[in-house]
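Quick notes on the structure that follows.
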Protein chains: 2
Amino acid sequence: MKFKSILAALIFSAGSFTASAQTDSVYIRKIFDEALVKGECYQNLHYLCKNIGQRLSGSANAHKAVEWTKKLMEDYGFDKVYLQEVSVPHWERGAKEQGYILAGKTKLPVALAALGMSVATPANGVTAEVIELHSLKQLDSLGEAGIKGKIVFFNRPFDERFIEQGTAYGTAGDQRNIGPGAASKYGAVAVIVRSLTSAQNDYPHTGATNYGKNKPIPAAALSTIAANQLSELIRNAKTPVKFFLKTNCRTLPDAVSYNVVGELTGTENAKQVITVGGHLDSWDLAEGAHDDGTGVMQSVEVVRVFKALGYRPKHTIRTVMFMNEENGGRGGAKYAELAAQNKEEHLAAIESDEGGFTPRGFSFDGVNGAFIKNINAAWKSLLEPYEADRLVEGGSGSDIGHLRGTMPSAVLIGFRPDSQRYFDIHHTPNDVFENVNKRELELGAGTMAALVYLIDQHGIKF
Amino acid sequence: MKFKSILAALIFSAGSFTASAQTDSVYIRKIFDEALVKGECYQNLHYLCKNIGQRLSGSANAHKAVEWTKKLMEDYGFDKVYLQEVSVPHWERGAKEQGYILAGKTKLPVALAALGMSVATPANGVTAEVIELHSLKQLDSLGEAGIKGKIVFFNRPFDERFIEQGTAYGTAGDQRNIGPGAASKYGAVAVIVRSLTSAQNDYPHTGATNYGKNKPIPAAALSTIAANQLSELIRNAKTPVKFFLKTNCRTLPDAVSYNVVGELTGTENAKQVITVGGHLDSWDLAEGAHDDGTGVMQSVEVVRVFKALGYRPKHTIRTVMFMNEENGGRGGAKYAELAAQNKEEHLAAIESDEGGFTPRGFSFDGVNGAFIKNINAAWKSLLEPYEADRLVEGGSGSDIGHLRGTMPSAVLIGFRPDSQRYFDIHHTPNDVFENVNKRELELGAGTMAALVYLIDQHGIKF
């Protein structure tokens, strides 16, 4: 009967659907039904956000998150659940930062947050003249004569012409990522950076900075409203505008932490792995809901859905919750190192770290045009009913990116939700559970499970 | 030089891009740059929501909205701006509704809102036994014996398996649209309806009900949390559960109102029209931000963008803000009537009334498979860079739908934003400006302008 109905479907279809595609189509529908009707990732995310909350690497909360997610996967009856020990940086914000603009007689307090890994100001804070720049190149042309003793204010906004907001973030990101180190080289006493967002609001966006080999100087992000105010005051000032900054952060000795791994063991090739993951650590300003509670809870959901459907994978399907994506990437590096040590073969790794928004598709890292053409020909129509069928060349994710070195044959894949809202809340006090939509989250989990299913069934050689 | 570079593009492209497509591609990029970098629809929406607010047909606010939007288009220098008079229903909610569940000794107040066009309860309210139903068919099987004297509680939830939330809304909608009239036929004294949403929260969702020829009885929507509570109390009750409802609404005599129309006059065929619109009226519980402030402000933005770019259309491009979509549809009917009277030819009409969310594409009403195939072949690749390239068969909109009768050759088109969040806030106290994302709104306006441009350049015969 089953064969007959598949045959009938073949005959009556337009001929573009193979029997295998027909089976896949039916199975993917089952995956989505489970994720949308009986989904558990939303309630799991609620627990992670509300009962644990922020979980910066090395913090007590990060440890709680490790313990709870391990238990979660054990309770779901995953075939194997284990931890991968990794030494992580341990940075603390300390007491809330203070900052104000000093322009003539105006003393204007502003919303700001120290950048992750920043050093603290002296106990009395630092006060200095502000110089507004829009690029790191300007540092070189101004040189020590123009920079020394000043607070550098990087204020290049997002370029709104980019459709993908991730690209706007990427092209503005140097100001935060390496701006403080670069300014330090020329004798700046501190750096303040316009928050990396196109939103106009009063939330500061934190995020890691990396001084490289330069002397660390205090660094903080201003809300976009504060950045606009400061820029306007500088533009209209008759005397130099100054800024007062006080940050209280510190870096403690490295701490012991863990990647949390759970798997369904492959029935045919247990040593061949398909990894799906996100990062368990988060910034300390909120609950790490979209960044990246959604990604880790979707990754758990992928395997939960397979278990609920009684699916026995050919290859090992592995949920990985990476530790320390935000300020070190040590968990991703450790995972790649252990994969090589254990002589595992990774068919593919999928990372969800762009928020739990409505799914658009996937991007495939470092593949060629033929791969994109062929994977679209094979699988696009299967994802189209779920409006998650954009299969494009592009980045994957910073955690799985470490596999490039140790597992060059692995296909590295980024889950791509819609990008428009992510940088409204990314790294802010506003990254809370209430800003996650249940349906969007569940559709994302279904989309990820569908791709894992297809890779498990057919491999991913295109 | 220009010709040469187009030629070069032709030679170096994969051959699928014609010279015309190359020109279109460049122009569409200009449209998006204008909408994203210098867009004004977000600030216009802010004014509409915050300085005017709710604007139910016949209300003083609806009149303010007519005056302000007319002035807005005049100030932008549209070639023509005018009003189309239309007589509209004038319903008022009156004082806030009250409702509580009476189960044994429990008296539980619940969040609810009268349905639009509902009649009021007697001044003391109505108290009666509740009967929970999941379909209108159940009314017929229970008959007068089972229904008479009771309050009918329709509690069929959204079917979560639908990917498009509009479909879930459509298939649950009979409970609100015609449920009260159908229950009245069997002697029900009132109807309470589960809010039409998949969200679990405490916002009641209003919306129009139509009694048809049945005797009007009071009708209200319960929040989904209240509906779940009521259902559980009924399930566990030892004695019949009762409900108290008090609504204070009334229907006044019809009022005079207007569609607001603005246009860029066509340089080649002024009598050939491309319409783009949304509805200006809104429900009274909030600001009508997504429903449909976003649609009308995007429709104004389409023409503003063309003016900013100095684009002179071949055909007349017309922004239409329809009045009375929510509880009568009289503005849409009047527009279609006048179009026929004036012997205009409508090439196409596009309606944006599914919220200002990230764009996905367009649906084309009543077209055949060949049309969809050909329009995709011609235009999909032009919209793909904006991730708004889903060109599918489907509904268009209830306002432009009236053109079907008077302008059968017009192609009726629905703008399709992502559907996942719309019914979280649709018709609720939560439909406020703060829930609109600037980028999503602007991308939608750009997408609509791009399609209008393509139709103006090439017609829409596929």
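Sequence lines set the chain letters: A, B, ... in the order given, protein chains first and strands last, and positions in each chain run from 1. Both backbone and side-chain heavy atoms feed into the values below; hydrogens, waters and symmetry mates do not.
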Using non-hydrogen atoms and a 4.5 Å limit, figure out which bit of B/F423 sits close to chain A: side chain, backbone, both or neither.
neither
Can you tell whether the side chains of B/D389 and A/R390 come within less than 4.0 Å, N to carboxylate O?
yes
Step through the shown structure and confirm whether more than 12 heavy atoms of other residues, nucleotides or ligands are within 6.0 Å of OH on B/Y203.
no
Is B/K380 atom NZ crowded by more than 12 heavy atoms from other residues, nucleotides or ligands, each under 6.0 Å away?
yes
Give the C-alpha distance, both sets of side-chain angles, the deciding distance and a yes or no for side-chain contact (heavy atoms from CB on, under 4.5 Å) between A/D418 and B/E440.
CA-CA 10 Å; A/D418 193 73; B/E440 292 190 296; 4.2 Å; yes
Which distance, rounded to the nearest 0.5 Å, do you find between the OG of A/S198 and the CG of B/L36?
9.5 Å
Heavy atoms only, distances under 4.5 angstrom: which of A/E387, A/E442, A/Q420 has the most pairs with chain B? Name it, please.
A/E387
Contacting region of A/F162 [heavy-atom separation from chain B under 4.5 Å]:
backbone
Winner by heavy-atom pair count (cut-off under 4.5 Å) against chain B, out of A/R360, A/Q200, A/R161
A/R360
Heavy atoms from other residues, nucleotides or ligands near NZ of A/K50 exceed 12 (cutoff 6.0 Å):
yes
Below 4.5 Å, heavy atoms only, C-beta onward: do A/R439 and B/R421 meet side chain to side chain?
no
What is the distance from atom CG of B/N437 to atom CG of A/D424, rounded to the nearest 0.5 Å?
5.0 Å
Can you tell me if NZ on B/K307 sees more than 12 non-hydrogen neighbours from other groups inside 6.0 Å?
yes
